[in-house]
Amino acid sequence: SRVARALKEGLSRLGFTHDETLVVAFSGGQDSTCLLHALQQVRTGPRLIAAHVDHALRADSAADAARAAELAGAIGVEAQVVRIDVGSYRKTRASWSVQHAARAARYQALAAVVAERGAVALLTAHTADDQAETVLLNLVRGAGLAGLSGMRLDERIELAQLGPALAAASPVPPHVRLARPLLNVARSTTLAYCAQVGLQV
C-alpha cells in the first residue's frame, strides 16, 4: 500500500534499527491508528508502545482512553495510558489557551513514556495535511520565510522550551527525539488504509 511504502521510506531515512523500542503517540483517531497498524506490519522484531494521553478535559475522557487502549491491543501493540490534569497545568500560564496547555503537557507526558520505556524516539502521525495547515498558520501569524518550513520529519524537542514542567508520574527528560514518518502522506490515504484493512475509527 501507499502507506506501507511511505512508512518504509520514512523509517529508512530516520535510521531506526529493528532492535529499538519506539513510542507511538496514539489518540485512537484515523491517522494514529493507521500509523500504529502499518508500523506493526512493516517492522519485524522491535517493540512498539502505543502511548495515549488522557487530558482529563471531558467527563468521558477516561472511556475514550480505554477505547484507545483496547484498539491498540486489537492491533497487537501494548498500550500505556497517561492521565494529565490540563486544567491544573494551565493555571501556571494564565494567558494560554486550553489547546496550547494541552499540547505542552501532552508532549512532556509522551517524552516521559519514551524515557521510562528506554525508547529511542516518539513517533507522531502528522500527515501532509497537518504540514500544510502548519505552514498556513505560521504565515497568518507573520512567521515570514521561516514559517514556510513547517514541521520536520525528524527533530529534537527541548521540553523546557514548551513551558513549565509537568508534574508527571515518570520524570520528564530534558529532550525527546520526535519523528513524523507519515509527513508526506495525505490524510485521504490514511483513511483509505484504515478502510482497506478494516479498522473502525
Output the distance between atom CG (Leu71) and atom CG (Leu36), rounded to the nearest 0.5 Å.
7.5 Å

Between Asp60 and Ala63 (side chain of the first, backbone of the second, donor and acceptor by atom type, cut-off under 3.5 Å), is there such a pair?
no

I'd like to know if Arg177 pairs up with Glu155 as an ion pair, taking the criterion as any Lys NZ or Arg NE/NH1/NH2 lying under 4.0 Å from an Asp or Glu carboxylate oxygen.
no

Can a donor-acceptor pair be found, under 3.5 Å and without considering hydrogens, that links the side chain of Gln131 to the backbone of Asn184?
no

Of all heavy-atom pairs between Ser1 and Gln196, which one has the smallest distance, and what is that distance?
CB-OE1, 4.4 Å

Gap separating the CG atom of Leu122 from the CD1 atom of Ile49, nearest 0.5 angstrom
12.5 Å

What salt bridge (charged side-chain N to carboxylate O under 4.0 Å, His left out) pairs are there with at least one residue in residues 110-126, not counting sequence neighbours?
Glu78-Arg117

Between Ala111 and Leu159, which heavy-atom pair has the shortest distance, and what is it?
CB-CD2, 4.0 Å

Smallest heavy-atom separation, Ala104 atom then Leu162 atom, equals CB-O, 3.7 Å

Find out whether Ile84 and Asp54 are in side-chain contact, i.e. whether some heavy atom of one side chain is under 4.5 Å from a heavy atom of the other.
no

Are the side chain of Gln108 and the backbone of Pro164 linked by a donor-acceptor contact shorter than 3.5 Å?
yes

Tested for side-chain contact (heavy atoms from CB on, under 4.5 Å) against Leu48, the lone hit among Leu123, Leu39, Ile75 is Leu39

Quick one: which residue pairs count as a ring pair (Phe, Tyr, Trp, His ring centres under 6.0 Å) with a foot in residues 60-83, not counting sequence neighbours?
none

Residue pairs passing the ring pair (Phe, Tyr, Trp, His ring centres under 6.0 Å) test where at least one lies in residues 47-77, sequence neighbours excluded:
none

Drop me the distance from Cys34's SG to Leu199's CG, to the nearest 0.5 angstrom.
8.5 Å

Charged N-O contact under 4.0 Å between Arg187 and Asp130:
yes

For residues Tyr107 and Thr124, determine if any side-chain heavy atom of one lies less than 4.5 Å from a side-chain heavy atom of the other.
yes

Mind checking whether Leu22 and Val3 sit in one hydrophobic cluster, side chains of I, L, V, M, F, W, Y counted as touching below 4.5 Å?
yes

Is the closest side-chain heavy-atom distance between Tyr89 and Leu166 below 4.5 Å?
yes

Could you check whether any side-chain heavy atom of Val176 comes within less than 4.5 Å of a side-chain heavy atom of Leu110, counting everything from C-beta outward?
no

Test side-chain contact (heavy atoms from CB on, under 4.5 Å) applied to His37 and Val197, step by step:
CA-CA 9 Å; His37 187 276; Val197 299; 4.0 Å; yes

Going by the rule side-chain hydrogen bond (donor to acceptor under 3.5 Å, both in side chains), which residues pair with Thr190 if we only count those two or more places apart in sequence or in a different chain?
Gln30, Asp31

What about Val98 and Val82, same hydrophobic cluster or not, with Ile/Leu/Val/Met/Phe/Trp/Tyr joined at side-chain heavy-atom distances under 4.5 Å?
yes

Can you measure from CZ (Arg83) to OG (Ser61) and round to the nearest 0.5 angstrom?
4.5 Å

Does the side chain of Arg2 reach to within under 4.5 Å of the side chain of Tyr193, using non-hydrogen atoms?
no

Beyond-backbone contact of Phe16 with Val120, side-chain heavy atoms, under 4.5 angstrom:
yes

Do Phe26 and Leu35 have side-chain heavy atoms sitting under 4.5 Å apart?
no

Quick one: closest heavy-atom pair of Trp96 and Arg90, and the distance?
O-NE, 2.7 Å

Counting N and O atoms only, with roles assigned by atom type, does the side chain of Ser32 sit under 3.5 Å from a partner on the main chain of Gly28, one being a donor and the other an acceptor?
yes

What's the spacing between Leu178 CG and Ile157 CD1 if we round to 0.5 Å?
5.0 Å

Any side-chain heavy-atom pair from Pro181 and Arg13 closer than 4.5 angstrom?
no

Please identify each residue that fulfils salt bridge (charged side-chain N to carboxylate O under 4.0 Å, His left out) with Asp64, with sequence neighbours left out.
Arg58, Arg67

Heavy-atom nearest pair, Thr33 first then Gly29, reads OG1-O, 2.6 Å

Remaining members of the apolar cluster that contains Val81, side-chain heavy atoms under 4.5 Å:
none

Backbone N/O of Thr17 and side chain of Glu20: donor-acceptor pair under 3.5 Å:
yes

